[in-house]
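Comments concern the structure below.
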Number of protein chains: 2
Amino acid sequence: MIYLCLVKLEEAQQKFIQGWGQLGASWGINRTMAQIQAVLLLSPKPLCTDEVMEKLQISRGNANMNIRELISWGVVYKSFIKGDRKEYYYSEKDMWQLAKKVSRERKKRELEPLVQILGELKTIEGNGDEVDEIKKVVKSANSMANRAESVLDLVMKLDENVFFKWFKKK
Amino acid sequence: MIYLCLVKLEEAQQKFIQGWGQLGASWGINRTMAQIQAVLLLSPKPLCTDEVMEKLQISRGNANMNIRELISWGVVYKSFIKGDRKEYYYSEKDMWQLAKKVSRERKKRELEPLVQILGELKTIEGNGDEVDEIKKVVKSANSMANRAESVLDLVMKLDENVFFKWFKKK
DNA sequence: TAATATTTTCAGAAATAATTGAAAATACAA
DNA sequence: TTGTATTTTCAATTATTTCTGAAAATATTA
């Protein structure tokens with residue numbers, strides 16, 4: 001009976017890890033990075049590199065690089081156990097915080113470069129159909145990006161409850 | 001003078017196409033697919049496969065496959081010119097429509113599979129720290145996903161003006 | 001119908017991204 | 001300081017994704 005439960009747990013964890021990894025991968029996040037995050041999310045206690053390596057069957061270099069990437073995204077933290085030299089890692093568990101941190105990071109890394117380019121293109125001069133078209137596109141892309149940024153900025157400032165209460169009202 | 005303007009236009013178009021492609025790529029959309037969309041977005045008139053191939057220096061197979069993918073996403077349309085056998089393609093130009101269509105498609109393709117898995121995992125039984133943890137994670141991921149879905153569904157139904165007026169009020 | 005134009009497919013090639021593993025760097029304890 | 005545990009780096013390898021190009025399929029006209 002205990003054995004059966006263990007099997008089920010393992011299986012459930014694996015399913016979650018795979019699904020989470022897949023979601024990350026299709027959104028341009030390294031699959032392994034997302035899987036490590038899932039492993040930490042599922043663990044009641046912080047894990048060390050070796051435990052992550054073991055769980056996902058990956059090399060030390062891979063584990064280390066992806067864990068550090070997760071830390072730089074602000075979704076994984078280090079923790080130390082006294083008398084133990086190893087570093088342990090644990091995940092941000094609040095899904096709302098997680099979503100906020102990921103969107104903030106992606107906004108910074110991916111939306112802002114485009115906004116930068118669009119800014120440069122605003123000054124294009126000349127006339128003709130093609131010039132008109134690019135002006136129009138740059139202008140509307142710009143306005144869309146700015147709006148997306150404002151919405152994100154606003155959402156970041158709200159806490160989960162306020163945000164969802166507010167949506168429910170509508 | 002005309003020559004200078006043409007150079008500038010070309011340059012501006014290239015910058016936009018590259019930036020748009022990069023944005024797509026970092027969000028898990030094939031770079032070429034995003035670039036083709038950019039080319040069509042910038043063109044005042046529908047383009048045929050050869051024109052797209054020429055503009056991006058890509059093969060016919062590549063152009064064809066990505067154009068069809070864009071059509072399946074609902075962001076590019078076919079058009080026909082009488083007396084011409086070729087198909088011509090043009091992009092949805094309304095950024096708001098574009099954003100809506102892309103999010104709808106991605107929700108369908110990527111969020112829903114995870115929600116499916118989460119649904120299956122809800123029934124996990126047993127006890128202990130790890131079981132508690134996975135239950136908690138599944139529950140909160142599920143609630144986050146459902147909320148994201150409702151927000152998206154709601155947003156889809158609104159038109160641009162209503163949506164942004166509404167945000168400005170807050 | 002046959003001839004021609006156009007689109008689609010897909011196996012293999014090329015390009016890109018992820019991963020390994022061992023060496024170097026760092027941190028810590030004795 | 002020296003030795004040991006741990007983390008980090010990165011060149012080489014491996015895996016994955018994307019792209020090509022030519023053949024097959026389809027559509028159109030005469």
Measuring from the side chain of [X] (C-beta onward, heavy atoms only), which nucleotide among [options] has the closest atom?
X     : options               : value
B:I58 : D:dT20, C:dT20, C:dT7 : D:dT20
B:N64 : C:dT19, C:dT8, D:dT20 : C:dT8
B:T32 : D:dT9, D:dT7, D:dC19  : D:dC19
A:N62 : C:dT19, D:dT20, D:dT7 : C:dT19
A:M65 : C:dT20, C:dT7, C:dC10 : C:dT20
A:E87 : C:dT7, D:dT7, D:dT20  : D:dT7

Checklist entry - Between the base of C:dT6 and the side chain of B:R85, is there a donor-acceptor distance below 3.5 Å? => result no
Take atom [atom1] of [X] and atom [atom2] of [N], then tell me their distance rounded to the nearest Å.
X     : N      : atom1 : atom2 : result
A:M33 : C:dT19 : CE    : C1'   : 16 Å
B:I67 : D:dT20 : CD1   : P     : 13 Å
A:K86 : C:dC28 : NZ    : P     : 15 Å
B:Q57 : C:dA15 : CD    : P     : 15 Å
A:Y88 : D:dT7  : OH    : P     : 9 Å
B:K82 : D:dT28 : NZ    : P     : 17 Å
A:F80 : C:dA27 : CZ    : C1'   : 11 Å
B:N30 : C:dT16 : CG    : P     : 12 Å

Checklist entry - Where do A:K8 and A:E11 land on the salt bridge (Lys or Arg N to Asp or Glu O under 4.0 Å) test, with the steps shown first? => result CA-CA 5 Å; A:K8 272 199 169 175; A:E11 214 180 276; over 6 Å; no
Checklist entry - Given that A:K78 and B:R60 both sit by DNA chain D, which one's nearest nucleotide is further toward the 5' end? => result A:K78
Next on the checklist: Pick the closest DNA chain D nucleotide for B:I29 and for A:D84 by heavy atoms, then say which residue is nearer the 5' end.
Outcome noted: A:D84
Checklist entry - Between A:G61 and A:R31, which is nearer to the 5' end of DNA chain C once each is assigned its nearest nucleotide? => result A:R31
Next on the checklist: What's the separation between atom CG in A:L70 and atom OH in A:Y89, rounded to the nearest 0.5 Å?
Outcome noted: 11.0 Å
Item to check | Interatomic spacing from CD1 in A:I17 to CD1 in B:I134 - rounded to 0.5 Å | outcome: 8.0 Å
Checklist entry - Any side-chain heavy atom of B:Q35 sitting closer than 4.5 Å to one from B:Q18? => result yes
Item to check | B:N62 backbone acceptor or donor facing B:N66 side chain under 3.5 Å | outcome: yes
Next on the checklist: OP1 or OP2 of C:dA18 versus the side-chain N and O atoms of A:N66: is any pair under 4.0 Å?
Outcome noted: no
